[in-house]
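Whatever order the structure lists ligands and atoms in, that order sets their numbers, starting from 1. Just so you know, residue 1 is the first one in the sequence shown, and it goes up from there.
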Amino acid sequence: MHVCVLGAGIVGLATAWQLERLGHQVTVIDRAAPGAGASGGNGAQLSYSYVQPLADPSIWRQLPKLLLSPSSPLKLQPQLDPLQWRWGLAFLAACNAQTSRDTTAQLLALAALSRTEFEAMQADVAPDCDFSATGKLVLYASPAALEGARAQLELQRTMGSEQRIVSPEECVAIEPALADYRGQMVGAVYTPSECAADCLKVCAELMRVLSARGVRFLLGADVHGFARSEGKVAAVKTSIGDIEADAFVMALGSASHKLGRAIGAYLPVYPLKGYSITVEVDPSAGAAPRVNVTDSARKVVFARIGSRLRVAGMAELVGHDASIPATRIQTLAAATRALFPHASRLEELHPWTGMRPATPTGLPIIGRMPSAPANMLFNTGHGALGFTLAFGSARRIAEALERAAS
Ligand SMILES: Cc1cc2nc3c(=O)[nH]c(=O)nc-3n(C[C@H](O)[C@H](O)[C@H](O)COP(=O)(O)OP(=O)(O)OC[C@H]3O[C@@H](n4cnc5c(N)ncnc54)[C@H](O)[C@@H]3O)c2cc1C
């Protein structure tokens, strides 16, 4: 079968890898280079066990501070955009214990599949991507916050996650670069099995290997519509002409909502803007972290990728505005100085912004939609976990296509 994958972010490329392995003829279309969207400068964490959705009951308590504090990692800029309002209301409706529990269970199952599939990809492609499997510490600054984390940890334990609460002393033993920060935390959740890698390098490596295997990449091709015939999608309309295929997979990240509408599907995918910096680290022992670290109070994540440290955070509902305000970058640099004062001279920050393709619940949309033609599949809406979940959701798309073909 000839399958056309729309989007060369990590989700589209993982899909192309799975489909090529199964013997499909694959074309990948993107208006830019692989990883040019949300995948390029993300937090680099393969967070297989730490999947708590943003839509959580604790949001109600935190919301006033999150919306009103000038230093808040969350920002809402109301737009004249019905999707923003519809998405926001659906998000608040999902902030209850039952939905959060159900979403956690589904994300954990997908993450477990994704771990297996990422390992299969590593065995197959051997990507040069600064991969590490050094675990993850989520730091808490107050006893109340740590108690909240304990509840989530107990829930995830019943679903198979191996995590434990550790004291500040144990944190420093696990990650010596946190020594100066010991007094600022009351404890952490430690997950020994978490991993990290440079998602942009994974994208580039997948393109290199897949091109060599005969996958066709049409880059610089802007998708703007679809041609239908006999109830099916016959071709995708792009700036370089119509591209025909037997089946299509839409993996357009935060652009999925707009293109979904063009084919009759309502995809509740809204851009949740975030930022990152990437700095060279001091290679001396104990200067920069080797373990992934999340500062839960600042909502900033740190991941070591080779000789660099990726620092990422913030969540803004501001539409598709791709500007990078200096204040956001200064906040990430300040967080790095606060937690890891010896890690880097912070000379070159490499500021970056990206749009998480977020659904209200945090669950991605994988497979067919009743309102769209049967040969159009969707693989989008992975929100804050797209790197983590990409290879599992790609596997599910491949299985759905196999079922459709048999
Ligand atoms: C600050 C930040 C930190 C993050 N940290 C992590 C993390 O640590 N771990 C994790 O698992 N996830 C993380 N994420 C989330 C993750 O990066 C995303 O979920 C993931 O990149 C989404 O991948 P995607 O392929 O769906 O979208 P994208 O990477 O955005 O790819 C979509 C592609 O579609 C193309 N496209 C769009 N419109 C068109 C069009 N009309 N025509 C042609 N092509 C088009 C774009 O050019 C792009 O290449 C983070 C995200 C951000 C912003």
Participant: Does any N/O atom on Gly386 come nearer than 3.5 Å to any N/O atom on ligand 1?
Facilitator: yes
Participant: Would you indicate which of Leu389, Asp222, Leu218 comes nearest to atom 40 (C) of ligand 1 when only heavy atoms are counted?
Facilitator: Asp222
Participant: Does any donor atom in the side chain of Trp352 or Asn42 lie under 3.5 Å from an acceptor atom in the other side chain?
Facilitator: no
Participant: Side chains of Asn96 and Thr99: is there a donor and an acceptor less than 3.5 Å apart?
Facilitator: yes
Participant: Return yes or no for this condition: an N or O of Met355 is under 3.5 Å from an N or O of ligand 1.
Facilitator: no
Participant: Please indicate whether any nitrogen or oxygen in Arg356 is less than 3.5 Å from any nitrogen or oxygen in ligand 1.
Facilitator: no
Participant: Heavy atoms only: which of Phe387, Tyr50, Tyr275, Tyr48 lies closest to atom 1 (C) of ligand 1?
Facilitator: Tyr275
Participant: Answer yes or no: are there more than 12 heavy-atom neighbours, outside Glu162 itself, under 6.0 Å from its atom CD?
Facilitator: no
Participant: Distance to 0.1 Å, residue and atom name: give those for the protein heavy atom nearest to atom 3 (C) of ligand 1.
Facilitator: Gly43 N, 3.3 Å
Participant: With nothing but distance in play, are any N or O atoms of Gln45 less than 3.5 Å from an N or O of ligand 1?
Facilitator: yes
Participant: Say whether Asn379, considering both its backbone and side-chain N or O atoms, lies within less than 3.5 Å of an N or O atom on ligand 1.
Facilitator: no
Participant: To which protein heavy atom is atom 29 (O) of ligand 1 closest, and what is the distance rounded to 0.1 Å?
Facilitator: Ser39 OG, 2.5 Å
Participant: Has Arg115 got its NZ or CZ under 6.0 Å from the middle of the six-membered ring of Phe391, at an angle within 45 degrees of the ring axis?
Facilitator: no
Participant: Would you mind telling me if ligand 1 is within reach of the side chain of Ala384, the backbone, both or neither, using heavy atoms under 4.0 Å?
Facilitator: backbone
Participant: Can you confirm, on distance only, whether ligand 1 has an N/O atom lying under 3.5 Å from any N/O atom belonging to Val11?
Facilitator: yes
Participant: Just grab all the salt bridge (charged side-chain N to carboxylate O under 4.0 Å, His left out) pairs involving residues 5-33, residues at least two apart or on different chains.
Facilitator: Glu20-Arg213, Arg21-Glu117
Participant: Tell me whether Val223 has any N or O atom under 3.5 angstrom from an N or O of ligand 1.
Facilitator: yes
Participant: Decide whether an N or O pair under 3.5 Å exists between Ala312 and ligand 1.
Facilitator: no
Participant: Report the member of Gly9, Pro357, Gly253 with the shortest heavy-atom distance to atom 22 (C) of ligand 1.
Facilitator: Pro357
